[in-house]
Amino acid sequence: MTNNPLQAKVQICVQFFKVGEIDTLKEQFTADVIVKAKWREPTLDGQNKSAENVDFSKIWNPKLYIENSYGDPKEQMRYRILYNDKGDAYISEKRVIKGTFMENLELDDFPFDVQDLTVTVVSELPSYEVELIEDETDHHVVNRQSFVDEQEWFLYMHTECSRKDIVIDQADNSIRRSALSVKCRAARRPGYFVWNIFMVTFLICTLSFATFSVEKRKARKSAAAFVYSYTDRSSVQISCKQQFT
């Protein structure tokens, strides 16, 4: 990061309002996320204006977006003007995002793996004009009460934040943009897979040997039963392989 006195500092706070399905096969997760941004606006100092009396299209904006969002997420945006005791004005931008986010999910420790769920906020302006930093007063939050995959995953309250400069235009590596990544973590519940996949597969494989204890005159029925159990076992194995993929 450069110490440019003209570089605007934008404070970021990310709240994981609702974490939905975690898809390890497609390496993505769904979530409702609240992203709050705050920056200084000297042109409004000492005026005590409300948001209704300001045309935000004519005021400087860091042009933020979510770098790892997938598809076309739904966004709602709202602005406010905040003043401190000295009369210094701050623009507060609050956006509610509902969509799918891409994440590199590692399955080396399956089914005892812990996955990072990351939201990366990036500015369209170059890093020498804008620097994204953590909010000094508002903290990142994870709402566990609205977690959808509670039976399969355990969602931690802990969050981590990291800053970096990324290159968007591969043709010109000299232009970098400031990015801030906020992540929470989810641990897989191994008991869910033991009872729903491994145990079911074990019981089906065990019961398949029961066909050899049936009398010859019931061989046709036994063969049909064996084929039926084998089909069920194959479908379970395919489902299990997808979890490992």
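Bear in mind that the values here come from a model prediction, so they are computed numbers and not experimental data.
Considering only heavy atoms from C-beta on, Leu132 stays 4.5 Å or farther from Arg163 through its side chain. The shortest distance between side-chain heavy atoms of His158 and Cys184 does not fall below 4.5 Å. Residues Lys49 and Tyr83 form a side-chain contact, since some pair of their non-hydrogen atoms from C-beta on lies under 4.5 Å apart. Counting heavy atoms from C-beta on, the side chains of Phe17 and Val142 never come closer than 4.5 Å. In this structure, Val14 and Val33 have side chains that are in contact, with non-hydrogen atoms separated by less than 4.5 Å.
Side-chain atoms of Lys26 and Gln28 form no donor-acceptor pair, as typed in the model, at a separation below 3.5 Å. Glu131 and Ser178 are not linked by any side-chain donor-acceptor pair at a separation below 3.5 angstrom, with hydrogens and angles left out of the test. If you check the side chains of Gln115 and Asp113, you find a donor sitting under 3.5 Å from an acceptor.
Judged by distance alone, the side chain of Arg144 and the main-chain N or O of Leu155 form a donor-acceptor pair under 3.5 Å. Distance alone, capped at 3.5 Å, is enough to place a donor-acceptor pair between the Arg40 side chain and the Ala89 backbone. With hydrogens and angles ignored, the 3.5 Å screen pairs no side-chain donor or acceptor of Ser69 with any backbone N or O of Phe101. No donor-acceptor distance shorter than 3.5 angstrom exists from the side chain of Tyr128 to the backbone of Arg177, with no hydrogens or angles considered. Although no hydrogens or angles enter the test, the distance criterion places no donor-acceptor pair under 3.5 Å between the side chain of Asp149 and the main chain of Glu152. Side chain of Glu124 to backbone of Leu64: no donor-acceptor contact under 3.5 angstrom is found. Tyr70 places no side-chain N or O within 3.5 Å of a backbone atom of Gly99 that could act as its donor or acceptor partner. Side-chain N or O atoms of Thr120 include none that pairs as donor or acceptor with a backbone N or O of Asn68 at under 3.5 Å. Checked by atom type and distance alone, the side chain of Tyr90 never pairs as donor or acceptor with a backbone atom of Leu82 at under 3.5 Å.
Distance OH/Tyr65 to OG/Ser123: 8.0 Å, rounded to 0.5 Å. Atom CD1 of Ile34 sits about 10.5 Å away from atom CD of Gln76, to the nearest 0.5 Å. In this structure, CD1 in Ile97 is found 3.5 Å from CD1 in Ile66, a value given to the nearest 0.5 Å. From Leu105, atom CG reaches atom CZ of Phe29 across 8.5 Å, with rounding to the nearest 0.5 Å. Distance NE2/His140 to CE/Met157: 13.5 Å, rounded to 0.5 Å. Separating the OG1 atom in Thr118 from the NZ atom in Lys183 is a distance of 4.5 Å, to the nearest 0.5 Å.
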What do the steps show when you test Thr43 against Asp45 for side chain to side chain donor-acceptor pair (under 3.5 Å), and what is the final call?
CA-CA 6 Å; Thr43 60; Asp45 287 350; over 6 Å; no

Step by step, would you call Ile22 with Phe147 a side-chain contact (heavy atoms from CB on, under 4.5 Å)?
CA-CA 10 Å; Ile22 302 174; Phe147 186 37; 4.2 Å; yes

Pair Val35, Arg95 - check side-chain contact (heavy atoms from CB on, under 4.5 Å), show working.
CA-CA 5 Å; Val35 178; Arg95 60 177 69 194; 3.8 Å; yes

Test log, rule side-chain contact (heavy atoms from CB on, under 4.5 Å), inputs Lys36 and Gln15
CA-CA 8 Å; Lys36 297 180 181 179; Gln15 298 179 353; 3.5 Å; yes

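The two residues Ile81 and Ser50 have their closest heavy-atom pair at CD1-O, 3.8 Å. Residues Asn61 and Leu125 share a closest heavy-atom pair of O-CD1, 3.9 Å. Residues Lys98 and Asp32 come closest through the heavy atom pair CG-OD1, 2.9 Å. Between Leu117 and Phe16 the shortest heavy-atom distance is O-CZ, 3.7 Å. The two residues Gln11 and Asp135 have their closest heavy-atom pair at OE1-OD1, 3.3 Å. Closest of all the heavy-atom pairs between Ser146 and Asn143 is OG-ND2, 3.3 Å.
In the displayed structure, Asp55 atom CG is contacted under 6.0 Å by more than 12 heavy atoms of other residues, nucleotides or ligands.
Classification of the Tyr79-Phe56 ring pair by plane angle, with boundaries at 30° and 60°, yields parallel.
One finds no salt bridge joining Arg78 and Glu93 here, because no Lys/Arg side-chain nitrogen approaches an Asp/Glu carboxylate oxygen to under 4.0 Å. With respect to Arg189 and Glu150, a salt bridge is recorded, a charged nitrogen being found less than 4.0 Å from a carboxylate O.
Hydrophobic clustering of Ile, Leu, Val, Met, Phe, Trp and Tyr side chains at less than 4.5 Å, counting indirect connections, keeps Val148 apart from Trp153. Under the 4.5 Å side-chain contact rule for hydrophobic residues, Trp39 and Val130 share a cluster. Side-chain heavy atoms closer than 4.5 Å link hydrophobic residues (I, L, V, M, F, W, Y) into clusters, and following such links, possibly through other members, connects Ile59 to Met77.
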